[in-house]
Each structure stands twice: as C-alpha cells, then as structure tokens.
Amino acid sequence: MPDILESKNLQQLIEVLSADGYRVVAPTVRDNAIIYDEIATVADLPKGWTDKQDGGNYRLEKRKDDAFFGYNVGPHSWKKFLHPPVTRLFRAKLEGNGFQVVPEVEETPDFAFFGVRSCELHAIAIHDRVLIDEQFVDPVYQARREKIFTVAVNCGQAGGTCFCVSMNTGPKASFGYDIVLTEVLDGERHYFTVETGSEKGAEVMSKIPLRKAEAEESETAEKIVAETVLQMGRYLDTTGIRDLLIRNYDHPRWDEVASRCLTCANCTMVCPTCFCSTVEDVTDLKGHAAERWRKWDSCFTLDFSYIHGGNVRSSAKSRYRQWMTHKLSAWIDQFETSGCVGCGRCITWCPTGIDITEEVRAIRETEVSD
Amino acid sequence: MLGRANPMLPMICGIERVKRETHDTFTFELTPPCDYSFAPGQFNMLYVFGVGEVAISVSGDPSKKEALVHTIRAVGSVTKAICKLKGGGSVGVRGAFGSDWQIDKAVGKDVVLVAGGIGLAPLRPVIYHILANRAEFGRVSVLYGTRTTGDLVFRREIEQWRGRFDLDFEVTVDTASADWRGDVGFVTTLIRKASFDPLETVAMLCGPEIMMRFSIAELKKLGLTSEQIFVSMERNMKCAVGFCGHCQFGPAFVCRDGPVFRLDHLEPLFGKHEI
Ligand SMILES: Cc1cc2nc3c(=O)[nH]c(=O)nc-3n(C[C@H](O)[C@H](O)[C@H](O)COP(=O)(O)OP(=O)(O)OC[C@H]3O[C@@H](n4cnc5c(N)ncnc54)[C@H](O)[C@@H]3O)c2cc1C
Ligand code: SF4
Ligand code: SF4
Ligand code: FES
C-alpha cells in the first residue's frame, strides 16, 4: 500500500530536498508555457493550469481545479540539466612553441527533478545508453546524472499529442525514480499517493508527514492512471518498424513530408532523446588563450553532414528521413531501444504540425517494395 | 585508447618533422603519446590550438612505435592550419579511434588495395604490414589513382615499391602532363588489369565514395562478393566517440563502428543518395 501525502504538505517535500542540498527544478509557468526551472516553493508550480496541445499548437488554460500537475510535457525536457545546451570542454593556453590544455573543473550541481513523467524517465534511460553505457563515457553527463534525485509523477491525463502507450513508456512510472507521486483530486480531497523507488527516496520520505493509504485511496489513484491510458489520442504501430523504415528509404512519402518540413530543427531541440552536438573553438583577441565548447546541434541543419566537397544531406527530404529513421529504426541497432518515447513534443512544437505517428502510418499503409 | 577518463580531452604531441608531399599535402611525424598504439585503418582526432579538430588516419608503420605519422591534405580551415605548423610545434591528439582493416582476414589470400587521392594514406600502414610479413599473403596489388600527377603522394616510396617483384603497384591519373609515361584514366581501369583470384581475394578501398562505388561494381563483375570487400567511410566527425551524432550512416556510427566496414555491413544503404 502506498503512503499518502496531503497536498497542503507538498511544500515540505520541496523543503526537505532543499535542506538536503538539492536545487529543486520543476515545471513552472514562463512566457505562456510550462517549462522546467529552479523553484523555491509550491507557489512556483503551475497550480491550476493545464496545456492544450495539438500538432503545431500549444496553449495554456486555467483548470477548474487546483491540480499541481494537471498538464503534460512542455517545450523543455530534463536533458537541458543533464546534457547542457552549451558546455565548455576545455581551455588551452599558448606556452612557448606549443600549448597546454586546461581541463574543466566544474562544480556539478545536485539537482532534484520534481515532476518527471514516465516518458521522461525512459528518455533519461535512453541518454544513459548513449552517453555512459557505451565504450566511452561523457563526464559532463555522468557527473550530473549520478547526483540527481527524481520525483516522478504519474500522468493524470494524456496530453493532446502524447502516445506513450504505443511506445510502452507510460503513463505510469515503472522505474528510475526515487519517489513517485500520483495526484488525486476527489471532491474536496486533494492528496498524493507516494511510493519509493530507492533508499534515497525512502530517506527523504521519512522526513515528511505521511500516513498509510486506505485501500480506496490507492484504488482511486490507480483508476486515474488507467483512465489516462484510455485518453491517449494518438497511436504509433511499432510492429517491425526497424525493417519497415529500412525497406522504405525511397518511399515517395519522404518527398511529401519534405514539402511541409521547414528544417527549423524545433523537433530535435524539444525532443528529450535527441543528443547531437557540435563543437566551437574560440580564442581571445591576442590569440593566447583558446576554448573549446560543445553545443546542441541538429541533423536538420545543412552543415551537420558537411564534408569537404559538399553536404551529404543537402535536401530537406534526406534530413527529415535521417531524423525519423534514426529515432525509430537505426536507434534500435545502435542502442537496443527505440529513440522515441512518445512524448509528442515534436508534434506540438512543429510549426507546420508534422506528426511522426502520421508519417509512420502513411509509410506503412502505402509501402512500396523495390 | 588515451584519456579514458575524459575522451574529449586531447593529449599534446610535439611535431618532430614535416615533409611536403604535394602542393597541398604534408606528412607529419609526431612524438606519440605514451602507450600509444594503433591498427592500420584507425584514425586520430587532431586539434589545432584555437582553430578546431579533424579526423585524420594514421599513415605510418604500425610496427614503428617511435613516431606517429599522419598525412594531411589542406582543404579547409583546420587542415590548412595544421599544414602551416612546423617541426617544434605541437598539436592535440585523441585516439586511436575506430575499426581497422582486419588484415588477418586477408592472410593466405590475394590482396587488392584500391586508393583514390589522399585515400592512400590510411592504406599505407597495410602496405607496411604486408611487406613485413610478405610470405603470409598471396599476390598483392596496390591500385592508386589521383586527379593529376601533381597530386601523387609518397612518390619516392612508390618508386621503391614499383621496383619490387613481390608487389604490383599501379598508378593512374585522371589527366596527365606531357612528361607522364604511366597510365591515364580512372583507377577502375587498373582493377581489370590486376591479377588476383576473385574467389580468394580481399579488397580494401579508400577514396571518394563515387570512386569506391565504381570500384566495387568492377570488383563484383570479376566475381568478388561484398564479404570480400572492405571500405573506409568518411563522414563529418565532431567527437569520434559516439556522442555527437554527426558521423551516422544509417545504423552505423562511422567513428565507432567504422571507418572501415565490410561492405555487406553497409548494405543496403551503401551507394544510396544522401544517407
Ligand atoms: C575517418 C577519417 C579519416 C580521415 N583521414 C584523413 C587523412 O588521413 N588525411 C586527410 O587529409 N584527411 C583525412 N580525412 C578528412 C579530414 O578529416 C577532412 O579533410 C577535414 O575534416 C577537413 O576539415 P577542415 O576544417 O580543414 O575543412 P573545412 O572545409 O573548413 O571543414 C569544416 C568542418 O567540416 C568537417 N569536415 C569537412 N570535411 C570533412 C571530411 N572530409 N571528413 C570529416 N569531416 C569533415 C569538419 O568537422 C571540419 O571541422 C579523414 C576523415 C575521416 C572521417
Ligand atoms: S507521453 Fe505519457 S508519460 Fe509522457 S506526458 Fe504524455 S501521458 Fe505522460
Ligand atoms: S521523437 Fe517526438 S514524440 Fe518521440 S521522443 Fe522525440 S519529441 Fe517525443
Ligand atoms: S563523430 Fe561524433 S558520433 Fe561519430
């Protein structure tokens, strides 16, 4: 049986985490969107707000209740904290005929991620595969990753572009959290069921006022998540998808989608699993000191595939194809998992509303064999 | 591998000697980082202070541990900056990265090396290895094509190799000046003339993709299968360790799974446009 945290005591959870030295980052309203940033109190959470999402569309609306987590995922993802958009890799200094490399000594913040959705836990697990589980380890990611405290939230509603059920990634958190909450609004009652997923989580829970849940309370919470599953408006059939896309590299649908794609790279920026980066070198005015920076990059830019003599992927068609086949097909070869967690961000934030579930369906239904 | 703790951090290596190969290509001898070793076909990331970092294959003799050798053609900002460096200067080195030519698979067989332009550089370690272990291999042909006679690298060494009876080293240029007495035409024409047993041959190809495509077609016409053909791929590379995503070719990371691939591992995508 889970424990119960009354909604009026949610603030204490934030306080305990802060007292334990964590920087609490959570959803908060900024410029008409729910983004992730550091918060001080529950008042910074998007209480009473929800997000209406559809292809190319995102809008905040007031809810009829005071839910703290009554919305889904916005334009940010936790990757901005674990795999920062800009990082300095090293500095270098001229010395005599040569130079010296000065490694970074970064104070890595201890983050408490507050309000992580199931699809996002899967996205973090995917980045673990990419950045620490392979032959090489990215020290920037690893240092941050090791220290996070994760408060997950089971989804009490499906967003307009969500399809986690198809991808087997939600809406109920099944791993990768220290604590998981389910928010229940039941008439006058407003509480959270709380479960722990780690020793760290149990320790934090021992410091907040909890009581054991009644059977009926726990059932209500289960029912809320079950209803979220039924609400899921989008569906992506993943049967044999790896081979489906390899077979259809020359499908005319790629030309069709390219006629709508602006190659703006929005989808890659908002996607919680896209990890690509580039590097930039800078020097001071005298040329005595240099720095090397890593920045998020996107396979939608023309430069991305540049090699002497030209860009390998110069057409929009080839760049969209690269993105989608990487997510849904090549990723499986590379990391033994899909690269898509069904969070729907790429659909919502595409200025022309291109929908990855629709693109897969179109190819599947009109497959041409060569 | 160097710098296991932080694979993005270069080691600093001094430049011992620079040799001019052509108007735009230079061979650098670096003091190798301690414990450095490589297998033919592997590459390093070379960093020029304040300018950037590029992928460059090792072009030296794998049995000679005292020097780390690279042959670099100046084509853009970083390679031009490297080619301006002199003996006594230094560069940052990360590596060795990637897959190698798997020369052991060619033992007991005929070997055909096909190189286009600077593509001879990553194959030179194979030539060194074969010549040092000559009895292990059957007939060995090196087929090398460049655009003009002025683009031929390793000229003196090639002359020595051409004088050997146990190595068939053929050179062709796309367009020749009046004093050229060798072959003129694409490197594919040399494939037809080379002598090897198609059933018992391993071919290794490095050069522009279009040249490799035509060479593969020619080799297959003669009876080689994809399993007998190895190619070295070139893609944009920012990290060499599987983090940056730039080098992808379908399911492969060229930096990690390549640059050398057995052709059947790249099929069916190899030869398709804009992969
Ligand atoms: C595995 C591998 C081995 C290589 N071995 C050699 C070698 O032995 N000798 C040699 O002369 N060249 C080699 N190259 C090619 C060399 O990396 C490019 O010529 C070099 O990156 C060009 O950089 P630039 O800054 O001088 O050119 P610019 O045109 O200014 O390039 C700008 C950026 O584009 C990217 N880029 C451009 N061309 C290439 C390219 N061909 N391959 C990868 N990235 C590119 C780089 O990130 C570069 O920083 C190799 C490439 C690869 C992938
Ligand atoms: S995709 Fe699923 S887990 Fe993610 S926000 Fe939507 S409902 Fe929640
Ligand atoms: S591809 Fe789209 S739906 Fe899938 S994880 Fe990325 S942003 Fe979410
Ligand atoms: S070069 Fe960065 S992933 Fe291969």
Side-chain angles (χ1 to χ4, degrees), chain A residues 89-90 92 94 97-101 103-104 130-131 134-141 242 246-247 249-250 274-284 287 289-292 294 297 299 303-309 311-315 317-319 321-322 325-326 329-334, chain B residues 1 3-15 47-55 73 75-79 85-92 97 118 208-209 234-253 255-257 268-269 272-275:
Chain A
L89 293 172
F90 61 79
L94 271 193
N97 238 347
F99 62 93
Q100 284 306 317
V101 167
E104 283 305 298
V130 178
L131 296 168
E134 295 284 327
Q135 182 187 358
F136 299 103
V137 170
D138 174 19
V140 177
Y141 181 85
R242 175 189 171 273
I246 293 174
R247 278 200 306 275
Y249 256 73
D250 299 314
C274 277
F275 58 83
C276 287
S277 61
T278 186
V279 278
E280 258 177 46
D281 294 275
V282 290
T283 47
D284 64 356
E291 297 181 344
R292 193 162 172 75
R294 176 168 78 187
D297 200 2
C299 56
D303 279 352
F304 191 84
S305 64
Y306 176 79
I307 57 174
H308 174 65
N311 303 297
V312 174
R313 294 181 210 105
S314 50
S315 70
K317 164 190 165 176
S318 66
R319 282 178 266 155
R321 183 177 64 188
Q322 167 60 25
T325 56
H326 184 215
S329 174
W331 215 293
I332 298 171
D333 294 87
Q334 296 169 349
Chain B
M1 230 318 285
R4 187 165 281 284
N6 185 347
M8 296 302 280
L9 220 52
M11 308 280 289
I12 300 196
C13 295
I15 301 170
Y47 167 74
V48 184
F49 178 82
V51 184
E53 198 181 46
V54 286
R73 181 165 165 236
V75 296
S77 55
V78 182
T79 46
L85 297 174
K86 304 262 175 331
S90 31
V91 290
F97 294 118
I118 190 74
E209 237 166 275
E234 213 181 326
R235 278 295 178 274
N236 186 302
M237 289 190 181
K238 298 293 182 206
C239 75
V241 292
F243 296 163
C244 79
H246 278 254
C247 67
Q248 290 175 85
F249 181 88
F253 283 98
C255 69
R256 201 185 64 191
D257 310 322
L269 297 181
K272 277 202 199 293
H273 197 46
E274 295 195 306
I275 299 301

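We name chains A, B, ... by the order of the sequence lines, and we start the count at 1 in each one.
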A/Val312 versus B/Phe249: any side-chain heavy-atom pair under 4.5 Å?
no
Go through the atoms of A/Arg292 and report whether side chain, backbone, both or neither lie under 4.5 Å from a heavy atom of chain B.
side chain
Measure from the side-chain N and O atoms of A/Gln135 to the backbone N and O of B/Val241, and report whether any donor-acceptor pair falls under 3.5 Å.
no
Where is the tightest heavy-atom contact between A/Leu89 and B/Met8, given as atom of each residue plus distance?
CD1-CE, 3.8 Å
Of all the heavy-atom pairs spanning A/Asp281 and B/Gly52, show the shortest one and how long it is.
OD2-CA, 3.1 Å
Considering all heavy atoms, the nearest A/Arg294-B/Phe243 contact
NH1-CD1, 4.3 Å
Derivation of the side-chain contact (heavy atoms from CB on, under 4.5 Å) call for B/Leu9 and A/Val101
CA-CA 8 Å; B/Leu9 220 52; A/Val101 167; 4.0 Å; yes
Part of A/Gln334 lying under 4.5 Å from any heavy atom of chain B
both
Checking B/Glu209 against chain A: side chain, backbone, both or neither under 4.5 Å from a heavy atom?
neither
Side chain, backbone, both or neither: which part of A/Thr278 has a non-hydrogen atom closer than 4.5 Å to chain B?
both
Under 4.5 Å from any heavy atom of chain B - which part of A/Arg242
neither
Using heavy-atom distances under 4.5 Å, tell me whether A/Asp138 contacts chain B through its side chain, its backbone, both, or neither.
both
Sort out for me which of A/Ala330, A/Ser277, A/Pro139 touches chain B most, counting heavy-atom pairs under 4.5 Å.
A/Ser277
Under 4.5 Å from a heavy atom of chain B, the part of A/Tyr249 involved:
side chain
Under the side chain to side chain contact (heavy atoms under 4.5 Å, CB included) test, residues paired with B/Ala252 that sit two or more places apart:
B/Asp257, B/Phe261
If I take atom CG from residue A/Asn97 and atom CD1 from residue B/Ile15, how far apart are they, to the nearest 0.5 angstrom?
9.0 Å
Part of A/Asp303 within contact of chain B (heavy atom distance under 4.5 Å):
backbone
Among B/Leu85, B/Thr79, B/Ile275, B/Val51, single out the residue with the greatest number of heavy-atom pairs under 4.5 Å to chain A.
B/Ile275
Heavy-atom proximity to chain B below 4.5 Å, by part of A/Ser315:
both
Does A/Asp250 reach the side chain of B/Lys272, with side-chain heavy atoms less than 4.5 Å apart?
yes
Counting heavy-atom pairs under 4.5 Å with chain B, which one of A/Val140, A/Thr283, A/Leu131 comes out on top?
A/Leu131
B/Cys244 versus A/Asp297: any side-chain heavy-atom pair under 4.5 Å?
no
Could you check whether the rings of A/Phe136 and B/Phe97 sit parallel, tilted or perpendicular, using 30° and 60° as the cut-offs?
perpendicular
Among A/Glu104, A/His308, A/Glu134, which residue has the highest count of heavy-atom pairs closer than 4.5 Å to chain B?
A/His308
In this structure, CD of B/Glu274 is separated from CD of A/Gln322 (nearest 0.5 Å) by 11.0 Å
By a 4.5 Å heavy-atom criterion (distance strictly below it), what part of B/Leu269 contacts chain A: side chain, backbone, both, or neither?
side chain
Do you know which of B/Met237, B/Lys238, B/Lys86, B/His273 has the most heavy-atom pairs with chain A at a distance under 4.5 angstrom?
B/Lys238
What is the distance from atom CD1 of B/Ile12 to atom CZ of A/Phe99, rounded to the nearest 0.5 Å?
4.5 Å
Max heavy-atom pair count under 4.5 Å with chain A, selected residue of B/Cys247, B/Gly89, B/Gly88
B/Gly88
Partners of A/Tyr141 by side-chain hydrogen bond (donor to acceptor under 3.5 Å, both in side chains), sequence neighbours excluded?
A/Asp128
Contacting moiety of B/Pro268, where chain A heavy atoms sit under 4.5 Å:
side chain
Do you know which two heavy atoms are closest between A/Ala92 and B/Tyr47, and how far apart they sit?
CB-OH, 4.1 Å
Please look at A/Arg321 and chain B and tell me whether the side chain, the backbone, both or neither of the residue comes under 4.5 angstrom of a heavy atom of that chain.
side chain
Between A/Leu94 and chain B, which part of the residue has a heavy atom less than 4.5 Å away: side chain, backbone, both or neither?
both
